[in-house]
There are 2 protein chains.
Amino acid sequence: MKLPSENPVRVIECLKSLGLTKYEALVYIALLKVVTATASEIHEISGVPRASVYTVIDQIIDKGLVSVSQSAPKRFAAISPEDAITRLMGRIEKDAQYARDSLSSVYRERMNPGLGTGELIWNIYGIENIKKRFTDLISGAKREIRIIAHPQFLTTDIQQKLTSRANQINIEIISPHWVGGIPKKLSVFIIDPPEIPKEFDKVKDMMAGGVCIIDGRYVLVILGLGEEDAVALFSESEGFVRFFVRYYALIFDWAKKTGMKEAAGN
Amino acid sequence: MKLPSENPVRVIECLKSLGLTKYEALVYIALLKVVTATASEIHEISGVPRASVYTVIDQIIDKGLVSVSQSAPKRFAAISPEDAITRLMGRIEKDAQYARDSLSSVYRERMNPGLGTGELIWNIYGIENIKKRFTDLISGAKREIRIIAHPQFLTTDIQQKLTSRANQINIEIISPHWVGGIPKKLSVFIIDPPEIPKEFDKVKDMMAGGVCIIDGRYVLVILGLGEEDAVALFSESEGFVRFFVRYYALIFDWAKKTGMKEAAGN
DNA sequence: CTCTTGTTGTTTTTGTTATAACAACATTTA
DNA sequence: TAAATGTTGTTATAACAAAAACAACAAGAG
């Protein structure tokens, strides 16, 4: 009776990012299955070469995941997965905290931009990274946010983030449609997606993700939604921002003419 | 102006356990120092070979820690350490959760002891691992806990743990002394450390850590407090437990005769 | 004697680290 | 303007270290 989620490879990958090696993970998992085992039994269950079992076991004993019996032959037993993972995470969190502290002080004391860094256009790759940056920007906005959004990009968590900020700052969203209820304080304008002639399909794809203007000072342009090839541009460049502010106004006006359904929360 | 805590090697180790390589860490830290840099500048600041900078940068771009400019030459910028570490930790926590879920189901469905596993005596190495196991046992106790403790072992967190359980179960502690106030419900008996003749000093050292009897069914014996060589024995073996129950009674009686100061909380 | 256990080296493999070479392009110098 | 020089971005590949896999063997148990 296998649970659907039981993917041995995936579990091992996970344990690796908690600081175990493949063998350590295999041996630990083997021990979870049997309460108690000798080195040879571990070898049989886990597939780890018998000779390696001993050194590997030593390593996970050091990590406190396993204890050894006095008997001959020695028997080994694993602690519960909850305890084990808590223990591994504990170490990592301690490290994370140390890194946070050290790096924050580096960050605060860092040199100031020698170059007009604000004129640069930055690339961000990968849909996850883009989303994260997007929510960071939403969090950091001081006055207002204007968004032209592909609905696919307005995922639940981003909607939540927007909603949570709607009390403090002015948020305007233009989108072909909106899933779920629209919260108060959030101005959402539903427009029909513009009828773009077939031959311009590529352009349509390019602008797929949308545009986000923060405080009239930064712009994030999302250029694709595919898992792999997603790219976003980010800039504080005056010209860049001006272009997209106008672009936004254009879309807004155009949408108004062609019958935009306002759906602002009261 | 350096902070005392700024240890570059240590920070890199920490970032490694968050899943970065040494080079990735070096490059990221270099970027934190300067807001923006070209590949060559990164090379100069970080000491990473210039040719390697490009591949390393690609890797941390994938991880979302850095973005690239459109300019020529390309310029790179890092996200804030808080954001970066949060992001890295996010991945790890997701992995931890997955591992927790998968392994718990393995753990629940595991085979039952073929051997009289209860008769075994288990070794636990390392002071940290022992303490962790100790607190786990305290958490799991059903009825009562009896402890003969070396005061060095009764650290603040363990005292807290004991205190927090004192309402539900019966806890008795025998110790040469006790630091801080004794909470209600906790029976603490202060005894003078037994006068052991000089020639038995080694024995004294051996028992340094103390004995802990849980529900009269499990025993944890701690055999040393040195950071390195600490070992604990754990067993459910009937004989083993009986021995230490008697040992406990012996100490208790002997202490009473030689004038034990009871210091039980009311 | 035979099998298992525990231990120790040694090889293979893998991933990271380090160096070298080169094409494309920009800058300087004659 | 042409040649020399330097920089950038890319690729190939050598060196190295850690992990994985294998081989050999002494000690003890049956």
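Only this structure's heavy atoms are used, side chains among them; waters, hydrogens and symmetry mates stay out.
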Starting at CD1 of A:Ile60 and ending at P of D:dA19, how long is that distance when rounded to a whole Å?
14 Å

Would you indicate what A:Pro73 reaches in the nucleic acid, counting non-hydrogen atoms under 4.0 angstrom: base, sugar-phosphate, or nothing?
sugar-phosphate

Mind calculating the distance between CD (B:Glu41) and P (D:dT8) to the nearest angstrom?
8 Å

Mapping A:Lys22 and A:Ala51 onto DNA chain D by nearest heavy atom, which one lands closer to the 5' end?
A:Lys22

Taking atom P of C:dT17 as reference, at what distance in whole Å does atom CG of B:Leu26 sit?
8 Å

Do the side-chain N or O atoms of B:Tyr54 get closer than 4.0 angstrom to the phosphate oxygens (OP1, OP2) of D:dG9?
yes

Evaluate salt bridge (charged side-chain N to carboxylate O under 4.0 Å, His left out) for A:Glu238 paired with A:Arg242, printing each intermediate quantity in order.
CA-CA 6 Å; A:Glu238 221 179 297; A:Arg242 198 180 309 134; 3.2 Å; yes

Say whether A:Asp95 and B:Ser17, considering side chains only, have a donor N or O and an acceptor N or O under 3.5 Å apart.
yes

Integer-rounded Å distance: D:dG9 P and B:Arg50 CZ:
8 Å

Ring-plane angle category for A:Phe153 and A:Phe134, please: parallel below 30°, perpendicular beyond 60°, tilted otherwise.
tilted

Base, sugar-phosphate, or nothing: which does A:Thr21 touch, judged by heavy atoms less than 4.0 Å apart?
sugar-phosphate

Please state how far atom CG in A:Asp58 lies from atom P in D:dA19, giving the value in whole angstrom units.
14 Å

Rounded to the nearest Å, what distance is computed from the CD atom of residue B:Glu24 to the P atom of nucleotide C:dT17?
8 Å

Does OP1 or OP2 of C:dT5 have a side-chain N or O of A:Ser40 closer than 4.0 Å?
yes

Spacing of B:Ile12 atom CD1 relative to C:dT17 atom P, expressed in whole Å
10 Å

Side chains of B:Thr38 and B:Ser40 only: does a donor on one sit below 3.5 Å from an acceptor on the other?
no

Euclidean distance, atom NZ of residue B:Lys74 to atom P of D:dT7 [Å, nearest integer]
19 Å

